[in-house]
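What follows is one structure encoded as structure tokens, with my remarks underneath.
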Amino acid sequence: FQVNRDGREQIVYIYSRGDIMGYRPLICGEPNPVSAMSLDETSYYFIPKEDFLRILFSSPEFTRALLISLSYEFSVWANNITVFARQPVKSRVALGLLILEKKFRREGAGEINLSREDFASYVGTVKETLVRVLQEFKKKKIIVSSGRRIKVLKPAALEEIADFF
């Protein structure tokens, strides 16, 4: 996430199990402009800068894997900026549900497990607006939810609302 001057957090990417993160600033020699926080209990590995750069320059396989990862992240960020900046809130929430449902499904979960604050940050709105849109989706039986958990029942309806696909 990134924090703006007003102290508001914007989630810019959600990593999954096995993803590599935090390496872009090491490669380009810049300070890291974002922070990370775990949404669940997490184990992680830390690679010191010197070791990371040594492996990067000595292993073509590792370099290729990072290039693929970096390219994928860039595509996701560019799409998020383009789509989320131009769409109304209801469309952003629908698209966010579709993206997160796919990400959590890949993790083996049958539902999205994210706080309303984090979800609002992800789609670029405030919690109250997000809750209103989710309530509308629940009334239309597009989703069901309990606490933090959201299950998508009608992805086609979300695709239509997202007006992106």
Side-chain angles (χ1 to χ4, degrees), residues 1-5 7-87 91-125 130 143 145 148-156 158-159 161-165:
F1 64 92
Q2 216 168 13
V3 179
N4 70 12
R5 291 181 186 158
R8 286 192 57 201
E9 292 179 3
Q10 174 71 46
I11 293 176
V12 293
Y13 197 83
I14 296 178
Y15 290 92
S16 298
R17 177 177 293 137
D19 287 347
I20 301 171
M21 59 181 257
Y23 59 89
R24 192 200 59 77
L26 291 177
I27 293 171
C28 63
E30 294 179 355
N32 200 340
V34 296
S35 298
M37 182 177 81
S38 173
L39 299 173
D40 287 322
E41 189 173 317
T42 303
S43 296
Y44 64 91
Y45 298 97
F46 174 80
I47 302 172
K49 177 181 179 179
E50 296 75 23
D51 293 340
F52 175 85
L53 292 175
R54 183 177 41 76
I55 295 167
L56 177 67
F57 294 125
S58 66
S59 171
E61 294 84 13
F62 182 68
T63 303
R64 183 175 183 278
L66 285 183
L67 186 58
I68 290 168
S69 177
L70 188 58
S71 297
Y72 178 76
E73 283 182 30
F74 178 77
S75 294
V76 169
W77 288 342
N79 286 333
N80 283 352
I81 290 167
T82 302
V83 173
F84 285 157
R86 296 182 181 179
Q87 298 286 29
S91 296
R92 294 194 318 257
V93 172
L95 182 59
L97 284 166
L98 290 167
I99 292 168
L100 291 171
E101 192 273 336
K102 186 176 182 181
K103 182 173 259 315
F104 278 86
R105 188 172 4 107
R106 265 197 322 255
E107 290 283 311
E111 57 200 7
I112 299 164
N113 185 6
L114 197 62
S115 74
R116 297 301 182 258
E117 292 85 4
D118 288 338
F119 192 5
S121 172
Y122 182 68
V123 298
T125 191
L130 173 77
I143 64 167
S145 67
R148 296 170 47 113
R149 301 184 182 279
I150 301 171
K151 182 168 181 71
V152 174
L153 301 175
K154 298 179 182 175
L158 291 174
E159 289 174 11
I161 292 166
D163 192 29
F164 175 69
F165 294 100

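- Tyr23 is not listed as a side-chain neighbour of Ile47, based on a closest heavy-atom distance of 4.5 Å or more.
- Pairing each heavy atom of Leu26 with each of Leu53, the nearest pair is O-CD2, 4.1 Å.
- At least one side-chain heavy atom of Ile68 sits under 4.5 Å from a side-chain heavy atom of Arg64.
- Within a 6.0 Å radius of CZ in Phe74, other residues, nucleotides and ligands contribute 12 heavy atoms or fewer.
- Within the model, atoms CZ of Phe62 and CD1 of Ile20 stand 5.5 Å from one another, a figure rounded to the nearest 0.5 Å.
- For Arg54 and Glu50, the salt-bridge test fails: no basic side-chain N is under 4.0 Å from an acidic carboxylate O.
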Quiz item: Does the pair Met37 and Thr42 meet the rule for a side chain to side chain contact (heavy atoms under 4.5 Å, CB included), with working shown?
Solution: CA-CA 10 Å; Met37 182 177 81; Thr42 303; over 6 Å; no
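- A donor-acceptor contact closer than 3.5 angstrom is absent between the side chains of Tyr44 and Ser38.
- Not one N or O on the side chain of Ser121 forms a donor-acceptor pair closer than 3.5 Å with the backbone of Glu117.
- The shortest side-chain heavy-atom distance between Phe104 and Lys151 does not fall under the 4.5 Å cut-off.
- Atoms CE and OG, on Met21 and Ser69 in that order, are 11.0 Å from each other to the nearest 0.5 Å.
- Once rounded to the nearest 0.5 Å, the distance linking CG of Leu130 with CG of Asp118 reads 10.5 Å.
- For the atom pair NZ of Lys49 and CG of Leu56, the computed distance is 12.0 Å after rounding to the nearest 0.5 Å.
- In this structure, the side chains of Thr63 and Leu66 stay at 4.5 Å or more apart for every pair of heavy atoms.
- Arg92 approaches Gly124 most closely through the heavy-atom pair NH2-O, 2.9 Å.
- The side-chain heavy atoms of Leu95 and Gln87, taken from C-beta on, include no pair separated by under 4.5 Å.
- With contacts defined as side-chain heavy-atom distances shorter than 4.5 Å, the pair Leu100/Phe119 qualifies.
- With rounding to the nearest 0.5 angstrom, the CZ atom of Arg148 is 6.5 Å from the CG atom of Leu114.
- Between Lys102 and Arg105 there is a side-chain heavy-atom pair separated by less than 4.5 Å.
- Nearest heavy atom pair, residue Ala94 against residue Ala162, reads CB-N, 3.9 Å.
- Between the OH atom of Tyr72 and the CG atom of Asp19 there is a distance of 8.5 Å, given to the nearest 0.5 Å.
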